[in-house]
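Since the structure is predicted, the reported quantities are computational estimates derived from the model, not experimental observations. We count ligands from 1, going down the list as the structure has it; atoms in each ligand are counted the same way. One is the number of the first residue; the rest follow in order along the sequence.
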Amino acid sequence: MEARQGSRILVVEDHAGLRAQIVAVLAEAGWRVEEASDGRLALQMALEEPPDVLLLDLGLPGLDGLAVCARLRQQADRHIPVLMLTARDTLHDKGRGFAAGADDYLLKPFAREELLWRCQALARRGELGRSHVLEQGPLRIDRRSGAVFCHDRPVDVSGHALRLLVVLAEAWPRTVSRSELQQQLWADEPPESDALRSHLYTLRKALGPSQSLVKTVHGVGLRLDVPA
Ligand code: CA
């Protein structure tokens, strides 16, 4: 079976034996697998770094699968495909799962192939929904080529300044804190404190007359200022 190289999946299952089994099947098929056994931790992990698919058990300590799914739908700034996993095969439970925002359902016990097929289908659906062209107000950003247009005029921006713009556009309408921006731009190796400021200056200069699109929210961070 074709492996989905590099797609990330978060496996949330409190039964250690079953979790290990699922993780092994997915890893063997080429998935990058992360795991959690507790609902609260799973929600935190999924919000901090959204996986391509979330495999979510219904009965969990901390926060059950339905609550994790419902909160994810409220708090995540993009749609994370959720495959709900449960032994409770009644129609009632399925209905509750879908009402909480699950995309698909898998009943225990399940065949290895069915697990892989369903995960792959969800990841594919997620990809289709994520276009490489990002449009916010007068801005159009092609994430693949790095081309940026503002009011249909090309904007000459690249490197970290471009990355900064993409992070803000993806997060819109949220204000992104300085620490989160540093994390997104430099991961675990933050440079000296003025680097962000200098890239912000470069970005604003490139935007020219539209530089007020990148707004400083004092004491909080930066936000893309385009109408909703
Ligand atoms: Ca369970």
Just grab all the salt bridge (Lys or Arg N to Asp or Glu O under 4.0 Å) pairs involving residues 147-171, residues at least two apart or on different chains. R140-D152, R143-E170
Within the 3.5 Å criterion, strictly below it, is a donor on H79 or D103 matched to an acceptor on the partner's side chain? yes
If you leave out waters, which protein N, O or S atoms are less than 3.0 Å from the Ca ion (ligand 1)? D14 OD1, D57 OD2, G59 O
Do V12 and D57 have side chains that get closer than 4.5 Å, going by heavy atoms? no
Output all residues satisfying salt bridge (charged side-chain N to carboxylate O under 4.0 Å, His left out) with E49, sequence neighbours left out; order by chain, then residue number. R8
Can you find a heavy atom in the side chain of I80 that is under 4.5 Å from one in the side chain of L72? yes
Please tabulate, one pair per line, all N/O donor-acceptor pairs under 3.5 Å involving side-chain atoms of residues 208-228, not counting sequence neighbours.
unit_1: Q211; atom_1: NE2; unit_2: G208; atom_2: O; d: 3.4
unit_1: T216; atom_1: OG1; unit_2: R204; atom_2: NH2; d: 2.9

